[in-house]
Amino acid sequence: MSLDACAAMVARADPERFRAAMTAPMPLRGDLMALYAFNLEVARAGVVTAEPLIAAMRLQWWRDVLGEVRAGGAVRAHEVATPLAAVIRRHALPDAPFEALLTARAADMDPDFPTDLPALLDYLRKVSGGMMQLAVRVALSGAGARDAAAGDLGLAQGVAAYFAAMPALQARDRRALPPGGAAGDAIEHLAAEGLAALARARETGL
């Protein structure tokens, strides 16, 4: 499968990551596009349908794809799954960030999420932090030792992206912040956590 479809998807729906990927060396750009296209496909599970069961089936479909990759055999033909499988195998990407991301995305179908700030921060770390860990492993050889710093960097990015997404969540009648307490206090706490995570990542030189 051509990576053109992945690149077009990322350019359209995630322009920030598209621009970041375009700064990578040419041989790695396609690999990052496949990874980011997978992220978009998973993120869409809770948006394209109001039926939790259908959304859960979409997430399970991707779990099945990852299972096929781990098994080492053929992977179902799909414009994102096929190149993603090649990227996972080429860079020996670990299972844990993928599984954590899929598990966290189940919260997108929960009308009571987030229940509290720790739950929201955990979600952002698994979704954005996990994606950053995978991207760093693709972009930098021997990057496994940088997983903690990459997770912090991704958390900081996730907090910023979440702030930008809050109006859209509210427009869909989705809870953006935990119940109880002042919204301003919750936003201030999230911002502080994001800035602290960014500072930790910068200390490592990542």
Side-chain angles (χ1 to χ4, degrees), residues 10 13-24 32 35-36 38-47 55 59 93-140 143-206:
V10 177
D14 196 348
E16 291 83 6
R17 282 195 174 101
F18 177 83
R19 289 192 291 269
M22 290 300 290
T23 67
L32 290 169
L35 193 63
Y36 295 152
F38 159 78
N39 186 56
L40 288 171
E41 285 284 291
V42 172
R44 289 178 67 242
V47 175
L59 294 180
L93 297 180
D95 296 338
F98 287 105
E99 181 56 36
L101 189 153
L102 287 168
T103 299
R105 279 295 182 185
D108 294 344
M109 283 79 78
D110 183 357
D112 295 325
F113 180 83
T115 53
D116 53 34
L117 283 172
L120 179 54
L121 285 165
D122 183 64
Y123 168 89
L124 293 173
R125 180 172 286 281
K126 288 176 178 175
V127 171
S128 297
M131 184 52 52
M132 185 65 76
Q133 287 175 338
L134 293 167
V136 168
R137 281 177 175 260
V138 166
L140 300 175
R146 305 190 191 200
D147 275 350
D152 279 332
L153 187 60
L155 173 60
Q157 181 188 52
V159 169
Y162 193 77
F163 285 154
M166 284 175 63
L169 290 171
Q170 292 166 341
R172 290 165 43 210
D173 294 324
R174 291 299 307 269
R175 179 186 291 172
L177 294 170
D185 291 343
I187 290 173
E188 183 177 352
H189 181 81
L190 282 175
E193 291 286 347
L195 289 171
L198 181 60
R200 290 193 300 269
R202 284 177 170 168
E203 287 175 359
T204 70
L206 185 61

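All of these numbers come straight from a predicted model, not from anything done at the bench.
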Quiz item: Can you name the closest pair of heavy atoms from T115 and A119 and give their distance?
Solution: OG1-CB, 3.9 Å
Quiz item: From K126 NZ over to L102 CG, what is the distance, rounded to the nearest 0.5 angstrom?
Solution: 12.0 Å
Quiz prompt | Separation of M131 CE from L40 CG (nearest 0.5 Å) | solution = 9.0 Å
Quiz item: How far apart are the C-alpha atoms of E41 and R44, what are their side-chain angles, what is the distance that settles it, and do they pass the salt bridge (Lys or Arg N to Asp or Glu O under 4.0 Å) test?
Solution: CA-CA 5 Å; E41 285 284 291; R44 289 178 67 242; 3.6 Å; yes
Self-check item: With sequence neighbours excluded, residues passing ring pair (Phe, Tyr, Trp, His ring centres under 6.0 Å) with Y123
Solution: F113
Exercise. Check the pair M109 / L59 against side chain to side chain contact (heavy atoms under 4.5 Å, CB included), numbers first and verdict last.
Key: CA-CA 11 Å; M109 283 79 78; L59 294 180; 3.6 Å; yes
Practice problem: Quick one: list whatever passes side chain to side chain contact (heavy atoms under 4.5 Å, CB included) with P118, sequence neighbours left out. | Solution: D116
Self-check item: Worked verdict on M132 versus L134 for side chain to side chain contact (heavy atoms under 4.5 Å, CB included)
Solution: CA-CA 5 Å; M132 185 65 76; L134 293 167; over 6 Å; no
Quiz item: In Å, rounded to the nearest 0.5 Å, how long is the span from CD of Q133 to CG of L93?
Solution: 11.0 Å
Quiz item: Does E188 have any salt bridge (charged side-chain N to carboxylate O under 4.0 Å, His left out) partners at least two apart in sequence or in another chain, and if so, which?
Solution: none
Quiz item: Taking all atoms of both residues into account, what is the closest heavy-atom pair of P114 and P179, and its distance?
Solution: O-CD, 3.6 Å
Self-check item: Contacts of type ring pair (Phe, Tyr, Trp, His ring centres under 6.0 Å), residue F18, not counting sequence neighbours
Solution: none
Quiz item: Closest heavy-atom contact between A55 and A45?
Solution: CB-O, 3.1 Å
Quiz item: Hey, are the side chains of L121 and H189 touching, using non-hydrogen atoms and a 4.5 Å cut-off?
Solution: yes
Self-check item: Test side chain to side chain contact (heavy atoms under 4.5 Å, CB included) applied to I187 - qualifying residues, sequence neighbours left out
Solution: F163, M166, L177
Quiz item: How many angstroms lie between atom CG of N39 and atom CG of L101, to the nearest 0.5 angstrom?
Solution: 5.5 Å
Quiz item: Which heavy atom of A24 sits nearest a heavy atom of L32, and at what distance?
Solution: CB-CD1, 3.7 Å
Quiz item: So how far is it from R200 CZ to D152 CG, rounded to the nearest 0.5 Å?
Solution: 4.0 Å
Practice problem: Check for a donor-acceptor pair, side chain of S128 on one end and backbone N or O of R125 on the other, with a separation under 3.5 Å. | Solution: no
Quiz item: Which residues pass the ring pair (Phe, Tyr, Trp, His ring centres under 6.0 Å) test with F98, sequence neighbours left out?
Solution: F38
Practice problem: State whether D147 and R137 are salt-bridged, where the test is any N-O pair (Lys NZ or Arg NE/NH1/NH2 against Asp/Glu carboxylate O) under 4.0 Å. | Solution: yes
Quiz prompt | Donor-acceptor contact present, side-chain R202 to main-chain L153, <3.5 Å | solution = no
Quiz item: Shortest non-hydrogen contact from L35 to A135?
Solution: CD2-N, 3.5 Å
Exercise. Examine distances only and state if a side-chain atom of R175 and a backbone atom of D112 form a donor-acceptor pair shorter than 3.5 Å.
Key: yes
Quiz prompt | Spatial distance of atom OH (Y162) from atom CG (L155) [nearest 0.5 Å] | solution = 13.0 Å
